[in-house]
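Keep in mind that this is a model prediction, so the values were computed, not measured. Atoms within a ligand are numbered from 1 in the order they appear, just like the ligands themselves.
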Amino acid sequence: MQDAATPQEALPWHALEATAALDRLATDRHGLSAAEAQSRLATYGPNRLPKAARRGPLIRFLAQFHNLLIYVLLAAAVVTVWLDHVSDALVILAVVLLNALIGFVQEGRAEKALDAIRGMIDPQATVLRDGHRHAIPADQIVPGDIVIVEAGDRIPADLRLIRARGLKIDEAVLTGESVAADKAVGPVGEGVALGDRHSMSYSGTFVAAGMGVGVVTATGARTELGHISTLIGRVETLKTPLIRQMDGFARHLTYAILAVSAAAFLFAHYLRGYSADDAFMTVVGLAVAAIPEGLPAIMTITLAIGVQRMAARNAIIRRLPAVETLGSVSVICTDKTGTLTRNEMMAQAIVTAGGECEVTGAGYSPHGDFRTMGSEIEPTRHPLLMELVRAALLCNDAEIREDSEGWHATGDPMEAALVALAAKAGLDTALVRKQFPRTDEIPFDAQHRFMATLHHSHEDDGFILIKGAPEDVIAMCALERHADGDKPLNRAAWHSGAEELAARGHRVLAFAVKPARQGQQDLSFGDVDSDAVLLGFVGFIDPPRSEAVKAIADCHRAGIRVAMITGDHAATAREIARQIGLSEHPKLLTGADIDKLDEKALIAAAHDACVFARTTPEHKLRLVSALQADGHIVSMTGDGVNDAPALTRADVGVAMGRKGSEAAKESAEMVLADDNFASIVAAVREGRTVYDNLMKVIAWTLPTNGGEALTILGALALGLTLPITPVQILWINMVTAVALGLTLAFEPTEEGTMRRPPRRPGQPILTGDLLWRVLFVSLLVVAGAFGLFYWAESQGRPVAEARTLAVNAIVAMEAFYLFSVRYAHGTAFTPRGFLGMPAILIGIATVAAAQAAFTYLPFLQAVFDTRPLSLLDGLAVIGVGVALLVATEAEKRVRFTVTRRQARERS
Ligand code: ATP
């Protein structure tokens, strides 16, 4: 195939024989030694693509000003200078600058936090080093490493394949070709295009099916992916539908403010006889009052804090909009193994034609006894048992290893449990595997639910071992093994035996053997579909996670349905569902049941079923669609490569961080660092909290701006003296937005959050309720400000003093309103409501100090034209604040009563 003219040493990797590739890379099929790998890592560097350059700090800082609201403020500052109000202009600039600084610092922190969170799901890869399998971070891979890949894996570096078993690779990232390419180990022509190089698999592509082993030819930027793009680690902006909706709102608000301001200018100048200069300054005050300049930054920060809190609970958000969707999830579909259970398997029961025996022990430790009817037996005296155990060891890819903390599994936990079982039975596991080397295999796949291996020893002709789900393995068998020879298979008896083990909550695997054909060197599906001899079953225990029990109860209280979707046996699934409190008598559908239903019938059937057993990834996809058609917001978990479509389709796709494939993680909105169901529920809770907090930020900010703007408009309309000046408004906005508004981003979850039903999806931000609240509180602020202003004026005190009083009153009202806003679903009049959390208390203390400075410091008195106030004034200011709190709480109580009554009437 190769060009005769090209000498062997100059051939590209794909045109080279596999063994020549190994030689050129100075390695062999057992992999590099740890020391050699270390030294190559020092030479070639980590297997990482250079990160896309981030926006520099200056650009990030300048970007803070790129906002329509800020443009309006800057324009106002320019005109103010032109009108000779230099100190006013300086205050406007100070506010804009402070705002940008806060945005810059907080956004930087948020981005850093998100980076760190993304780092938590850095990919792993399986390599052979010193002849042993190791799971290592993919960036530790070096040229010459032997990498093992299977369905769902992301190829971690460029590989020259040395073994390919039904290997299909999705190379769309590199070639744009959507059909997965078949791979083989033979060399291909030197000049063939990337997409036709069957002997290679390239970094960044995904294994669609099968398994393969390859030697690493290039890492990091030297890979094909590195050549075509050096831009990796796409920088995600902190935007979600809600934030975008809010941005849109802010834009419309700005236009409205400009229109009202223009009208107010004309009104003041022509009808009220203000000089153009005065009229303009009043209008600047109005615009400044009405613009919620701090809002976008605070919302972004609220969101980032939510993402961080979720990460702290092991839920890593990959796509930001999921933070909001999580809050409205109404069904959580979850895997069983490892998510609801611990995935710490132990083989506990063995069934052969000779009877059942029990195995004792703990974890993956290779120590334990075999017992029948309570008395210990010597396994080596039971040939049926030993043959099954040997099959379990050979048809198996896992290893167990001891370290200072105990015994651990590498590979599939169930297979590791089988290795421990073989050791308990007295087999020298390494020796047996050497005696019967594997010639070929059909890897396990959730679709066909079995795995088969072909072995040859020096003495015999070879044999095939099969292990898998009992129904599937029994279907392949014609005979069953007895101590005195093979007999015709009693299917019914074996089926009910499997059923009985499963009903005890055991996960059951069946084992079978079949002689190989003469000279057989490879294995295909046709070789295992009939005439095998059944050896027996192994039953595993996999204890439920205790946290899952509580999390399920939480979901039920929160109006969220939980559905278990498992590949496992119906009886096992039913028993585990009972143990974890999903349901005492769960309605169960199997994959076979689902196959019989059309879309409409499935929607009806899925409506109240909570356990789905013996399902395949296609069933998952159909279920997600059916539940969505039934009006649900669906969260779905998955781990395998074939789960990707269901994860993409779900509203919140959740991939397992530990046992999940890279393909599943890539399609998911969220990755669970600990594979734990309880983490999904924690994320839902945080999702509800984030949404609540965003609403609180809005509900607090808008009336603040509304109150100030209405105060100015009211004074203008009625021809009264302005109770607050434009610079004073800026002062209020600057102090309160930062010290008070920001505290809402840190609000903890409100009590009862998980006792409410899920939020209706797609609800607009500005609901009628919220608009009413904004108007109501705005009017209260106006009343308070005018009230104190005229109270002071009526005593014949100077305007400047009355204004100082009005400003303090507005700030006090905002501070007290904060206490009310913190509880959207309950009263603020509780000890916790008053003492709150440190952020609020710090915020209030800061504002109090700032107000004292504003009122009494000569320097600030000069800038803001303020006057010192008396103790009585101080009491009046606090009194107005308390009055506002009482009024808003009373309104809340009335609103709750009305809503509750309406809900009762509806139901
Ligand atoms: P879930 O997390 O959805 O509960 P599961 O582990 O129960 O998943 P799968 O992994 O799809 O489901 O496995 C389905 C069935 O295939 C298992 O019940 C078991 O009978 C069989 N099986 C699982 N792993 C292996 C394996 N490594 N070799 C052979 N058979 C297996």
Atoms in ligand 1 with a heavy atom of [X] nearer than 4.0 Å:
X	result
K659	2 (O)
D568	7 (O), 18 (O)
D412	27 (N)
V508	20 (O)
G468	29 (C), 30 (N)
T337	1 (P), 2 (O), 4 (O), 5 (P), 6 (O), 7 (O), 8 (O)
A469	20 (O)
I565	3 (O)

* Asked: So which of E415, K336, R614 gets nearest to atom 27 (N) of ligand 1, if we judge by its closest heavy atom?
  ->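 That would be E415.
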* Pick from K467, E471, R507, H569: the one approaching atom 28 (N) of ligand 1 most closely through a non-hydrogen atom ->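 When every heavy atom of K467, E471, R507, H569 is considered, K467 comes closest to atom 28 (N) of ligand 1.
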* Are D542 and H506 close enough that a side-chain donor and a side-chain acceptor fall under 3.5 Å? ->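 No, no side-chain donor-acceptor pair sits under 3.5 Å.
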* **Pair E480, N490: side-chain N/O donor-acceptor within cut-off below 3.5 Å** =>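 No, no side-chain donor-acceptor pair sits under 3.5 Å.
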* Asked: Which residue and non-hydrogen atom of the protein lie closest to atom 23 (C) of ligand 1, and at what distance in Å?
  ->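 Going by distance alone, atom 23 (C) of ligand 1 is nearest to F444 CZ, 3.3 Å.
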* Do the charged groups of E356 and R504 touch, with an N to O distance under 4.0 Å? ->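 A salt bridge is present here (some side-chain N lies under 4.0 Å from a carboxylate O).
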* To do: Kindly give the heavy-atom pair with the smallest separation between K665 and G657, and that separation in Å.
  =>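 Nearest heavy atoms, K665 then G657: NZ-O, 3.1 Å.
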